[in-house]
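See below for the structure under consideration.
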Amino acid sequence: MIDHGNWDMVAVARQRMTRTAVEALAPLGKFRPSGYPRVLIGLAGAGFETLDAAMTKLAGLAGLTHSLVRIQALERVVPFERADVTEALCLALDGAGRRFAGKSFHVRSRLRGMKGRLESPTVERALGAFLVERAAAVGEEPRVSFDDPDLIVAIEVIGRRVGYAILDRDIRGHELVRIR
């Protein structure tokens with residue numbers, strides 16, 4: 001199994017553009033292939049206090065739209081030990097209820113390395129239900145919506161690590177942030 005190490009950004013290069021994408025991303029941090037086709041992982045670390053700061057820096061880098069399909073800066077990345085990443089996500093997002101209270105949201109996941117063990121809809125439903133419960137406990141119950149929600153929780157699994165980002169409409173407005 002590939003040691004994916006630490007990372008806090010995931011990028012997907014265009015076909016035959018992986019090397020060009022790694023070079024274009026160099027001002028953000030060290031990016032490398034993840035072991036999955038065209039998928040790069042990188043560590044920007046403390047260089048960005050917010051996701052919006054990372055995405056604003058990305059917008060100013062030349063050559064990114066030419067070489068990348070999408071990129072995602074993550075708020076937090078944690079290891080998990082079992083095949084089910086939901087437990088690790090619930091622990092990581094346990095205190096996030098206030099961020100969702102009274103808002104519309106949904107969860108989207110990309111589970112690389114989990115084929116045949118776990119399906120995206122299972123993780124998305126379980127995490128969504130958990131967040132509804134947490135938000136209702138601290139304020140107004142949120143609602144799940146797939147039509148222009150206030151927030152989207154983007155989940156990225158690569159190997160034995162899972163990361164998440166909570167994306168508002170402003171962040172989703174960046175050209176390279178693409179949520180399915």
Side-chain angles (χ1 to χ4, degrees), residues 1-80 83 85-86 88-89 92-93 106-124 127 146 148-149 151-180:
M1 179 180 235
I2 295 172
D3 177 14
H4 293 95
N6 289 331
W7 45 270
D8 60 9
M9 297 187 87
V10 175
V12 179
R14 294 188 185 279
Q15 197 73 22
R16 294 182 293 279
M17 298 293 289
T18 302
R19 182 174 296 161
T20 304
V22 168
E23 291 168 3
L25 288 164
L28 290 179
K30 184 171 173 64
F31 280 78
R32 64 192 182 280
S34 67
Y36 298 96
R38 301 180 8 237
V39 178
L40 305 170
I41 51 178
L43 185 60
F48 303 109
E49 291 187 20
T50 66
L51 287 178
D52 197 44
M55 300 316 294
T56 299
K57 170 95 179 189
L58 284 169
L61 296 179
L64 282 187
T65 56
H66 173 71
S67 61
L68 289 181
V69 173
R70 69 178 199 87
I71 189 164
Q72 181 61 64
L74 301 162
E75 290 182 32
R76 188 169 176 200
V77 178
V78 296
F80 62 93
V85 301
T86 308
L89 286 167
L93 286 161
H106 70 259
V107 179
R108 283 292 175 239
S109 63
R110 288 184 168 87
L111 307 178
R112 294 174 193 89
M114 303 297 292
K115 188 174 183 174
R117 293 186 288 170
L118 188 62
E119 295 182 10
S120 291
T122 303
V123 172
E124 293 166 0
L127 186 59
F146 297 95
D148 192 31
L151 303 170
I152 296 176
V153 182
I155 306 299
E156 297 277 354
V157 172
I158 295 179
R160 303 301 288 168
R161 297 178 67 78
V162 59
Y164 71 86
I166 301 171
L167 310 172
D168 62 21
R169 285 186 187 97
D170 289 340
I171 292 172
R172 294 190 324 256
H174 289 277
E175 183 177 4
L176 289 171
V177 175
R178 295 195 175 111
I179 306 297
R180 63 173 170 87

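These figures come from a predicted structure and were not determined experimentally.
When atom types are taken as modelled, the side chain of E124 and the backbone of H106 share no donor-acceptor pair closer than 3.5 angstrom. Formation of a donor-acceptor pair under 3.5 Å by the R108 side chain with backbone atoms of A154 is not found in this model. With S34 contributing its side chain and V39 its backbone, the two residues share a donor-acceptor pair below 3.5 Å. No donor-acceptor pair closer than 3.5 Å links the side chain of R110 to the backbone N or O of I158.
At a threshold of 4.5 Å between non-hydrogen side-chain atoms, the residues E156 and R112 count as touching. Using a 4.5 Å cut-off on side-chain heavy atoms (C-beta onward), V157 and F80 make contact. Residues Q72 and V177 are in side-chain contact: their nearest non-hydrogen atoms beyond the backbone lie under 4.5 Å apart. Residues R161 and N6 have side chains in contact (heavy-atom distance under 4.5 Å, counting atoms from C-beta outward). With a 4.5 Å cut-off on side-chain heavy atoms, R172 and D148 count as touching. Counting heavy atoms from C-beta outward, L40 and T18 have side chains that approach closer than 4.5 Å. Between K30 and L43 there is no side-chain heavy-atom pair separated by less than 4.5 Å.
Other residues, nucleotides and ligands place more than 12 heavy atoms under 6.0 Å from the CZ atom of R14.
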Item to complete: Applying side chain to side chain contact (heavy atoms under 4.5 Å, CB included), run through L93 and I166 and close with a yes or a no.
Response: CA-CA 10 Å; L93 286 161; I166 301 171; 4.0 Å; yes
Worksheet item: Which is it for R32 and I41 under the side chain to side chain contact (heavy atoms under 4.5 Å, CB included) test, yes or no, and what are the steps along the way?
Response: CA-CA 6 Å; R32 64 192 182 280; I41 51 178; 3.6 Å; yes
Practice prompt. Run the numbers on Y164 and V107 for side chain to side chain contact (heavy atoms under 4.5 Å, CB included), then give the verdict.
Written response: CA-CA 10 Å; Y164 71 86; V107 179; over 6 Å; no
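Closest of all the heavy-atom pairs between A11 and L68 is CB-CD2, 3.9 Å. Shown here for E119 and L111, the closest heavy-atom pair between the two residues is C-CD1, 3.7 Å. When every heavy atom of A88 is checked against every heavy atom of V162, the shortest pair comes out as CB-CG1, 4.2 Å. When all heavy atoms of D168 and I171 are compared, the closest pair comes out as OD1-N, 2.9 Å. Among all heavy-atom pairs drawn from A73 and M9, the shortest one is CB-CE, 3.7 Å. In this structure, R38 and A13 approach most closely via the heavy-atom pair NE-O, 2.7 Å.
With values rounded to the nearest 0.5 angstrom, I71 atom CD1 is found 12.0 Å from T65 atom OG1. For the atom pair CD1 (I155) and CG (L127), the distance works out to 5.5 Å, reported to the nearest 0.5 Å. Atom CD1 of residue I179 and atom CG of residue L167 lie 5.0 Å apart, to the nearest 0.5 angstrom. Rounding to the nearest 0.5 Å places CG of L28 at 10.0 Å from CG of D8.
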